[in-house]
Amino acid sequence: MSLQLYFHYPKTDNDVTIKYNHIEHKSINYKYEREAFMSTVWDSVQLARHAKRPLFMDYVNQLFTEFDELHGDRAFADDKAILGGLARLNGMPVMVVGQHRGRSTRERIEHNFGMANPEGYRKIIRLVKMAERFNIPVMTFVDTQGAYPGIGAEERGQAQAIAESIAVFSSLKVPIIVTIIGEGGSGGALAIGVGDKVNMLQNSIYSVISPEGCASILWKTAEKAQDASEALKLNAINLYQMGLIDAVIDEGEGAHIQPQPVMTALKALLVEQLDELKDLDTHTRCELRYEKFKSFNSEVMLPC
């Protein structure tokens, strides 16, 4: 399976044998992917956690206009770890939701480092059901270590809230586009990770467990996190090769160094995918989504 990269800058003949045009899909072989595009999976983990990496609200401010945040789950509280609201993408109304980790120490505490409580997921359920009612497409941005594991969160039904969110997204009758922009960790990511299209930035990761958590279980020490990350194959290229995601957005030198070209490429991809999904009738779109996730199984071919 050849990798479809969404390049945000022209490649030169010195970089690869194929010359790429500005912002278009091209196929490249797996040897180039492994040798030139990413050295190790652990590199992806470290870059996905980079302190200067663009956050959810950075993407909202750059990709969308007229963002109007909506608050609360109408039952308990307004969880600031996961934000959402109405916005416009090239003039088209969309519902935008995502985890926001915060930049400064004060902001990170305010947003609980992007780790949502049950009320956060119930807020998102409320927002996407509203989007469905008014036939508005949904776009989610994933960037979390995982759902908040506190006692209060468990007492208020963390697992149930995540499961309900996955179920709601699975049957939603409007287009859903998911983009992993940093860490896509555990159920906290899966709760808003069901979509017709699932994209990943080049240096993002997506896994059912963190490398440290996996290493602690398998080797009884978090020091084996690098080995665990390689075994989990949690970076964008591996997940694309396994058919688990639809597109990889090239970051060039890294979104933390040059964010604007990455956002330009991502916006173009989102517009393209949304136009494609809007051309499908509701029944066909939902059926394709169902078949897509049903095809994920233990027999998937792993890249060498």
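Predicted model, so just to flag it, every value in this text is computed and none were measured. Scope of the values below: all heavy atoms of this structure, side chains included, with no hydrogens, waters or symmetry mates.
Listed for the Thr140 side chain is a donor-acceptor partner under 3.5 Å among the backbone atoms of Ile192. Side chain of Asp250 to backbone of Gly252: a donor-acceptor contact under 3.5 angstrom is found. Remark: the backbone N or O of Arg285 is not paired with any side-chain donor or acceptor of Arg289 at under 3.5 angstrom. Of the possible polar contacts, none joining the Ser165 side chain to the Ala161 backbone as a donor-acceptor pair under 3.5 Å is found. Looking at Gln158, its side chain does come within 3.5 Å of a backbone N or O of Tyr148 through a donor-acceptor pair. Looking only at distances, a side-chain donor or acceptor of Thr144 sits under 3.5 Å from a matching main-chain atom of Gly146. Using a distance-only test at 3.5 Å, with no hydrogens or angles considered, a donor-acceptor pair links the side chain of Thr264 to the main chain of Gln260. With Asn238 contributing its side chain and Leu234 its backbone, the two residues share no donor-acceptor pair below 3.5 Å.
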inquiry  = For a side chain to side chain contact (heavy atoms under 4.5 Å, CB included) check, start with the C-alpha distance between His256 and Leu47, then their side-chain angles and the critical distance, and finish with the verdict.
reply    = CA-CA 8 Å; His256 59 291; Leu47 287 171; 3.5 Å; yes

inquiry  = Apply side chain to side chain donor-acceptor pair (under 3.5 Å) to residues Gln273 and Asn199 and explain how you reach the verdict.
reply    = CA-CA 10 Å; Gln273 291 179 334; Asn199 310 311; 2.8 Å; yes

request  = Could you please spell out the steps behind the salt bridge (charged side-chain N to carboxylate O under 4.0 Å, His left out) verdict for Asp79 and Lys123?
outcome  = CA-CA 8 Å; Asp79 190 339; Lys123 172 172 68 174; over 6 Å; no

request  = Take Ser204 and Ile181 through the test side chain to side chain contact (heavy atoms under 4.5 Å, CB included) and record every step on the way to the result.
outcome  = CA-CA 6 Å; Ser204 62; Ile181 58 175; over 6 Å; no

task = Test side chain to side chain contact (heavy atoms under 4.5 Å, CB included) on Ile166 and Leu190 and set out the steps.
result = CA-CA 7 Å; Ile166 293 172; Leu190 293 174; 4.1 Å; yes

request  = Check the pair Asp73 / Arg126 against salt bridge (charged side-chain N to carboxylate O under 4.0 Å, His left out), numbers first and verdict last.
outcome  = CA-CA 7 Å; Asp73 66 342; Arg126 181 177 74 84; over 6 Å; no

inquiry  = With salt bridge (charged side-chain N to carboxylate O under 4.0 Å, His left out) as the criterion, how do Arg101 and Glu107 come out once you've worked through the C-alpha distance, each side chain's angles and the decisive distance to 0.1 Å?
reply    = CA-CA 8 Å; Arg101 304 167 74 108; Glu107 190 182 8; over 6 Å; no

message = Please evaluate residues Lys233 and Leu239 with respect to the criterion side chain to side chain contact (heavy atoms under 4.5 Å, CB included), reporting the C-alpha separation (whole Å), side-chain torsions for both, the decisive distance (0.1 Å), and the verdict.
response = CA-CA 7 Å; Lys233 298 186 182 295; Leu239 293 175; 5.8 Å; no

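The shortest side-chain heavy-atom distance between His283 and Asp281 falls under the 4.5 Å cut-off. The side-chain heavy atoms of Asp58 and Pro259, taken from C-beta on, include no pair separated by under 4.5 Å. Between Thr179 and Leu270, some side-chain heavy-atom pair lies under the 4.5 Å cut-off. Using a 4.5 Å heavy-atom threshold, the side chains of Met139 and Val97 count as separate. Residues Asp143 and Ile180 are not in side-chain contact: their nearest non-hydrogen atoms beyond the backbone lie 4.5 Å or more apart. No side-chain heavy atom of Val168 sits less than 4.5 Å from a side-chain heavy atom of Glu132. Residues Val178 and Phe141 fail the side-chain proximity criterion, which asks for heavy atoms closer than 4.5 Å. Residues Leu89 and Lys267 are in side-chain contact: their nearest non-hydrogen atoms beyond the backbone lie under 4.5 Å apart.
Taking all atoms of both residues into account, the shortest heavy-atom contact from Ala222 to Ala215 is CA-CB, 4.2 Å. Listed here is the closest heavy atom pair of Phe169 and Ile176: O-CD1, 3.3 Å. Of all non-hydrogen atoms in Pro211 and Trp42, the two that sit nearest each other are CB-CZ3, 4.1 Å. Contact detail for Gly184 and Val142: the closest heavy-atom pair is CA-CG1, 3.8 Å. Across Ala48 and Gly182, no two heavy atoms sit closer than the pair CB-O, 3.7 Å. In terms of heavy atoms, Phe64 sits closest to Ala87 at CB-CB, 3.8 Å.
Salt-bridge annotation for Glu276 and Lys197: present, with a side-chain N of the basic residue lying under 4.0 Å from a carboxylate O of the acidic one. A salt bridge links Glu291 and Lys294; the closest N-O separation between the charged side-chain nitrogens and carboxylate oxygens is under 4.0 Å. In this structure, Asp196 does not pair ionically with Lys292, as no charged nitrogen and carboxylate oxygen lie closer than 4.0 Å. Glu251 and Arg53 are joined by a salt bridge, as a carboxylate oxygen and a charged side-chain nitrogen come within less than 4.0 angstrom of each other.
The side chain to side chain donor-acceptor pair (under 3.5 Å) contacts involving residues 206-225 comprise Arg49-Glu212, where partners must be two or more places apart or lie in separate chains. Among residues at least two apart or in separate chains, ring-ring contact (aromatic ring centres under 6.0 Å, His included) pairs with a member in residues 108-135 are His100-His111.
Between the CZ atom of Phe293 and the CG atom of Leu244 there is a distance of 9.5 Å, given to the nearest 0.5 Å. One finds the CD atom of Glu183 at 10.5 Å from the CD atom of Gln99 (value rounded to the nearest 0.5 Å). Atom OG of Ser186 sits about 7.0 Å away from atom CD1 of Ile209, to the nearest 0.5 Å. Here the CG atom belonging to Asn135 is positioned 8.5 Å from the NZ atom belonging to Lys278, to the nearest 0.5 angstrom. Distance CG/Asn203 to CD1/Ile249: 11.5 Å, rounded to 0.5 Å. Met115 CE to Gln145 CD: the interatomic distance, rounded to the nearest 0.5 Å, is 5.5 Å.
A donor-acceptor pair shorter than 3.5 Å can be found between the side chains of Gln160 and Glu164. Of the N and O atoms on the side chains of Gln202 and Asn235, not one donor lies less than 3.5 Å from an acceptor on the other residue.
Following chains of ILVMFWY side-chain contacts shorter than 4.5 Å, one cannot reach Ile257 starting from Val262, and the two form parts of different hydrophobic clusters. A continuous path of hydrophobic side-chain contacts links Leu86 to Leu172 [ILVMFWY only; heavy atoms under 4.5 Å]. Tyr59 and Leu55 fall into different hydrophobic clusters, where Ile, Leu, Val, Met, Phe, Trp and Tyr residues are linked whenever their side-chain heavy atoms come under 4.5 Å apart, directly or through other members. Cluster membership check: Met242 shares its hydrophobic cluster with Phe296, using side-chain heavy-atom separations under 4.5 Å among Ile, Leu, Val, Met, Phe, Trp and Tyr. The hydrophobic cluster containing Ile177 also contains Leu288, counting ILVMFWY residues as joined when their side-chain heavy atoms lie under 4.5 angstrom apart, directly or transitively.
Summarising the local packing, NZ of Lys80 is surrounded by 12 or fewer heavy atoms from other residues, nucleotides or ligands at distances under 6.0 Å.
Checked against side chain to side chain contact (heavy atoms under 4.5 Å, CB included), Glu69 has the following partners two or more places apart in sequence or in another chain: Phe67, His71, Leu83.
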